[in-house]
Amino acid sequence: MQIENWKVKEDLKYDSNNFWVAIEGQQALIGLTDYGQWVIGDILYIEIGKEGATLQKGESFGSVESGKWVGNLIAPVSGRVLACNNTAVDDPHKIQADPYGTGWLIKVALATDKEVSALLNCAAYVEFVKEQVKNAA
């Protein structure tokens with residue numbers, strides 16, 4: 001699916017902090033959405049937590065810096081970090097070049113299924129982005 005210049009994948013879940021979540025059994029792969037990385041701007045530096053760290057939904061798991069913005073990466077789900085994409089940390093432009101592929105950020109062992117059901121589906125995220133674009137105009 002496409003919203004203006006941004007791709008939104010139909011088989012993923014989303015949150016209002018512009019993260020996508022790919023559910024694989026009791027694990028989740030997490031990354032910034034195409035729209036989310038565009039809002040941030042040219043990503044110069046990214047820091048993410050370490051493998052084995054415990055995440056709490058709504059809390060920071062790292063930070064991102066662009067030419068116009070510095071902010072926290074907010075966990076869309078709770079769980080234990082199984083893997084960090086150090087390739088994306090070493091070359092943050094991978095996040096912008098392929099946000100749904102090689103630009104993923106972390107892989108998490110989910111603490112609960114309840115949080116997954118609270119995430120947005122593709123259609124709801126598309127409406128969310130449309131509203132954000134409308135409010136920014």
Side-chain angles (χ1 to χ4, degrees):
M1 184 171 278
Q2 193 87 11
I3 311 169
E4 296 190 24
N5 296 322
W6 310 294
K7 293 178 186 170
V8 180
K9 295 186 76 175
E10 293 187 28
D11 59 338
L12 301 175
K13 298 287 190 177
Y14 299 90
D15 80 346
S16 60
N17 291 309
N18 296 307
F19 287 97
W20 58 264
V21 180
I23 304 300
E24 303 165 348
Q26 292 300 309
Q27 297 179 356
L29 196 62
I30 300 169
L32 279 167
T33 66
D34 195 13
Y35 173 73
Q37 62 81 24
W38 177 83
V39 169
I40 291 169
D42 189 27
I43 299 173
L44 304 174
Y45 176 78
I46 191 160
E47 179 182 308
I48 51 180
K50 297 184 181 351
E51 290 178 21
T54 301
L55 296 181
Q56 291 297 318
K57 180 181 178 174
E59 293 184 2
S60 174
F61 69 90
S63 63
V64 62
E65 181 179 337
S66 73
K68 64 179 183 178
W69 185 79
V70 176
N72 289 321
L73 300 171
I74 305 299
V77 293
S78 300
R80 184 174 46 82
V81 177
L82 298 173
C84 298
N85 187 353
N86 293 320
T87 303
V89 171
D90 293 341
D91 182 6
H93 294 289
K94 288 188 182 301
I95 297 165
Q96 294 177 294
D98 189 12
Y100 299 110
T102 59
W104 65 275
L105 299 176
I106 57 174
K107 188 173 200 171
V108 175
L110 295 168
T112 177
D113 291 337
K114 291 180 185 178
E115 293 174 350
V116 171
S117 62
L119 293 170
L120 303 172
N121 65 22
C122 179
Y125 183 70
V126 165
E127 290 307 311
F128 170 79
V129 171
K130 286 180 181 177
E131 191 65 26
Q132 296 301 304
V133 170
K134 178 178 152 189
N135 291 339

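Along the sequence shown, residues are numbered consecutively beginning with 1.
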- Query: Taking all non-hydrogen atoms of both residues, which atom of Pro92 and which atom of Ile43 are closest, and how far apart?
  - Reply: CB-CG2, 3.5 Å

- Message: Do Val8 and Tyr14 make a side-chain contact, defined as non-hydrogen atoms from C-beta onward lying under 4.5 Å apart?
- Response: yes

- Message: Looking at every heavy atom in both Pro76 and Val21, which two are closest together, and how far apart are they?
- Response: CG-CG2, 3.8 Å

- Rounded to the nearest 0.5 angstrom, the OG-CD1 distance for Ser60 and Ile74 is 5.0 Å

- Item | Considering all heavy atoms, the nearest Leu29-Trp20 contact | O-CZ3, 3.3 Å

- Are Ile46 and Val108 co-members of a hydrophobic cluster defined by side-chain heavy atoms under 4.5 Å apart? yes

- Message: Test your reading of the model: is there a side-chain donor-acceptor pair from Ser78 to the backbone of Ala111, 3.5 Å cut-off?
- Response: no

- Shortest non-hydrogen contact between Gln96 and Gly41, atoms and distance: NE2-O, 2.5 Å

- Nearest 0.5 Å please: distance from the CG atom of Leu32 over to the CG atom of Asn17. 10.0 Å

- Gly25 and Leu110 have their tightest heavy-atom pair at O-CD1, 4.4 Å

- Compare every heavy atom of Trp104 with every heavy atom of Ala88, then report the nearest pair and how far apart it is. CB-O, 4.0 Å

- Examine Tyr125 and Leu119 and state if one hydrophobic cluster contains both, with Ile, Leu, Val, Met, Phe, Trp and Tyr joined whenever side-chain heavy atoms are less than 4.5 Å apart. no

- Task: Indicate yes or no: at least one non-hydrogen side-chain atom of Leu73 is less than 4.5 angstrom from one of Ile48.
- Result: yes

- Message: Using side-chain heavy atoms (C-beta onward) and a distance below 4.5 Å, is Asp113 in contact with Gln26?
- Response: yes

- SG (Cys84) and CD (Glu51) are apart, to the nearest 0.5 Å, by 5.5 Å

- Item | Pairs meeting criterion ring pair (Phe, Tyr, Trp, His ring centres under 6.0 Å) with involvement of residues 39-73, two or more places apart | Phe19-Phe61

- Query: Can you tell me how far NZ of Lys13 sits from CD1 of Ile30, rounded to the nearest 0.5 angstrom?
  - Reply: 14.0 Å

- Message: Just so I know, are the side chains of Asp15 and Val77 near enough to count as touching, which here means a heavy-atom distance under 4.5 Å?
- Response: no

- Is Tyr100 reachable from Phe128 through a run of hydrophobic residues whose side-chain heavy atoms are each under 4.5 Å from the next? yes

- Message: Distance check, rounded to the nearest 0.5 Å: Leu55 atom CG versus Ile106 atom CD1?
- Response: 4.5 Å

- Message: Any non-hydrogen side-chain atom of Trp6 less than 4.5 Å from a side-chain atom of Val133?
- Response: yes

- Message: Side-chain heavy atoms nearer than 4.5 Å, only ILVMFWY residues, links allowed to pass through others: does that put Leu120 and Tyr35 together?
- Response: yes

- Item | Test item: Thr33 side-chain N/O and Gly36 main-chain N/O as donor-acceptor pair under 3.5 Å | yes

- Inter-residue atom distance His93.NE2 - Gln37.CD, 0.5 Å rounding: 11.0 Å

- Message: Donor-acceptor check, side chain of Asn86 to backbone of Val89, threshold 3.5 angstrom: yes or no?
- Response: no

- Query: Under the side chain to side chain contact (heavy atoms under 4.5 Å, CB included) test, which residues partner Lys130, sequence neighbours left out?
  - Reply: Ile3, Val126, Glu127

